Protein chains: 2
Amino acid sequence: MSILKDKILETATDLFHTRGINSTGVDTIVAVAGTTKMTLYKYFGSKEDLILEVLQKSQQDFQFWLNEKLNANSKKPNDKIQQLFDHVEEWVNSPAFIGVGFIKASAEFPNEENPIHQLSSQQSREFRQFISKLASEASIKDADGLALQLSLLFEGAVQAEQMKRGSGAIKYAKKAAKILIDGAIKA
Amino acid sequence: MSILKDKILETATDLFHTRGINSTGVDTIVAVAGTTKMTLYKYFGSKEDLILEVLQKSQQDFQFWLNEKLNANSKKPNDKIQQLFDHVEEWVNSPAFIGVGFIKASAEFPNEENPIHQLSSQQSREFRQFISKLASEASIKDADGLALQLSLLFEGAVQAEQMKRGSGAIKYAKKAAKILIDGAIKA
DNA sequence: AAATTAATATACAGAACGGTATATATTATA
DNA sequence: TATAATATATACCGTTCTGTATATTAATTT
């Protein structure tokens, strides 16, 4: 609703990715966003709450974008899962790409009791389930197994791209995905 | 050489993995290691130097262990690359496994100018080159391409295991790796 | 035994951290 | 225009951070 809250979320998202979450102080966030700490703490109860909201919004935006893309091209289940990595490639190669929140957050908050880690883990699981649904709609037998493998390629490729921008890892992830999907369809 | 330096390295390695790098202060490290800051700063010029040494030693230890395993089982190139993920699985499933340093470090230090990020990136590249050498020794045509794909599976599976211990991701990464290797050998 | 090295305890400097108190200014609503 | 909500500026609190200064104790070497 509030334009300032959105600005803070947007700024925090960017800074968390470019400087790291723990390395980004709230003072820096409000300075870059052009507001004050009082305003930040009016919208977010704590820095942890802000991190959680940033993660939620990031994943929400990506999932929405991906769904649009998948439904725009073809409604056929086989096409959709085959084109999954085409869309992922477009997304990763776009200049706006800065990384995947739940991958970075789980590394910075390794304790499984930590709420941030738990949300990251949940988002990773939900994305895997999303792929699994695509796979089972395409009548693939071991849909969960294939989904897990594709998610490994996804997370590995994103990791590689976060490590070195322009690594070209997605291109090879896509090729590998095609081989695995073709194999799973035949079986 | 010094037993205290080793103890500090060992303690830091453990704490960095279980609590995160930025979230672990030097005070905590020396307290757990049973020494003092003065001693730590006698062996390591700064916290950054300590992090760099921890990363180097971790990767060194893993590479040494992996080499031993690969050479112990079979000297045939085809067997070696096929058994790569068997050894990785054993390593990941061992109780001592706490994660891969360069994956976590690159997430906590995303800036490509940062020395810690640069070392992480270098280690990731070196591991990929190691797999590529295995592949080319097995007379695989696109050795670099396969190596990149296998490294994505590796990093993805490790990421998954860091996120949720006992995820079983490695089992499926191994299956995927076999499919990709078999396909690359035939080509 | 004397001298050098290694390790300790402790205390502190200076900065950055998350979060709050207070008081003022701006905006929108009634 | 009066009232209420929203946003601001600024200063501060207590804690934690990396790194150092100082002085003392233990171990090793000559």
Side-chain angles (χ1 to χ4, degrees), chain A residues 1-56 101 104-105 107-111 113-119, chain B residues 1-55 101 104-105 107-111 113-117 119:
Chain A
M1 279 300 157
S2 161
I3 197 170
L4 266 172
K5 181 175 180 181
D6 281 352
K7 181 72 183 166
I8 292 172
L9 270 175
E10 185 190 314
T11 304
T13 303
D14 189 63
L15 289 173
F16 287 164
H17 275 105
T18 54
R19 305 189 189 182
I21 301 174
N22 279 314
S23 301
T24 303
V26 283
D27 295 273
T28 306
I29 295 171
V30 297
V32 175
T35 180
T36 65
K37 279 205 280 191
M38 284 315 299
T39 305
L40 188 149
Y41 281 104
K42 199 153 274 174
Y43 290 116
F44 308 95
S46 63
K47 188 189 177 183
E48 181 172 292
D49 285 351
L50 171 60
I51 298 169
L52 291 170
E53 281 209 42
V54 163
L55 286 177
Q56 301 226 28
K104 295 190 173 183
E108 290 215 45
F109 304 91
N111 187 341
E113 309 294 314
N114 184 293
I116 298 169
H117 185 98
Q118 288 177 353
L119 177 59
Chain B
M1 279 298 159
S2 161
I3 197 170
L4 266 172
K5 182 176 180 181
D6 281 352
K7 182 71 184 168
I8 292 172
L9 270 175
E10 186 189 313
T11 304
T13 303
D14 190 62
L15 289 173
F16 287 163
H17 276 105
T18 54
R19 305 187 189 184
I21 302 173
N22 278 314
S23 301
T24 302
V26 283
D27 295 272
T28 306
I29 295 171
V30 296
V32 175
T35 180
T36 64
K37 279 204 280 190
M38 285 315 299
T39 307
L40 186 148
Y41 281 103
K42 198 154 275 174
Y43 291 117
F44 308 95
S46 63
K47 189 189 176 183
E48 182 171 293
D49 286 351
L50 171 60
I51 297 170
L52 290 170
E53 280 210 41
V54 163
L55 286 177
K104 294 190 173 183
E108 290 215 45
F109 304 90
N111 187 341
E113 309 295 313
N114 185 293
I116 298 169
H117 185 96
L119 177 59

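A note on names: the letters A, B, ... follow the listed sequences, proteins ahead of strands, and every chain is numbered from 1. The structure displayed is predicted, hence computed values, not measured ones.
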Interatomic distance, A/K5 NZ vs D/dA7 C1' [rounded to whole Å]: 16 Å
Spacing of A/L9 atom CG and A/E53 atom CD [to the nearest 0.5 Å]: 5.5 Å
Nearest-Å distance for atom pair CD1/P, residues B/I3 and C/dT8: 12 Å
Atom pair OH/CG of B/Y41 and B/D49 - distance to nearest 0.5 Å: 10.0 Å
Near-strand residues of residues 38-50 of chain B, defined as heavy-atom separation under 4.0 angstrom from DNA chain D: B/M38, B/Y41, B/S46, B/K47
Sub-4.0 Å heavy-atom contacts from residues 11-35 of chain A onto DNA chain C, ordered by number: A/T24, A/G25, A/V26
Going by atom type alone, with no hydrogens or angles, which donor-acceptor pairs under 3.5 Å involve a side-chain atom of residues 27-38 of chain B and a protein atom two or more places apart or on another chain?
residue	atom	partner	partner atom	Å
B/D27	OD1	B/K37	NZ	3.3
B/T35	OG1	B/T39	OG1	3.3
B/T36	OG1	B/T39	OG1	3.3

Steps toward side chain to side chain contact (heavy atoms under 4.5 Å, CB included) verdict (A/K47, A/I51): CA-CA 6 Å; A/K47 188 189 177 183; A/I51 298 169; 4.3 Å; yes
Qualifying side-chain hydrogen bond (donor to acceptor under 3.5 Å, both in side chains) pairs with a residue from residues 10-19 of chain B, counting only residues at least two apart or across chains: none
Euclidean distance, atom NZ of residue A/K7 to atom P of D/dA7 [Å, nearest integer]: 15 Å
Sequence-distant partners of A/T24, side chain to side chain donor-acceptor pair (under 3.5 Å), two or more places apart: none
Separation of D/dA27 P from B/L4 CG (nearest whole Å): 13 Å
B/H117 NE2 to B/E108 CD distance, which is reported to the nearest 0.5 Å: 13.0 Å
Nucleotide D/dA7, atom P - distance to NZ of A/K37 in whole Å: 18 Å
Counterpart residues, side chain to side chain contact (heavy atoms under 4.5 Å, CB included), relative to B/E48 (two or more places apart): B/S46, B/L52, B/P115, B/I116
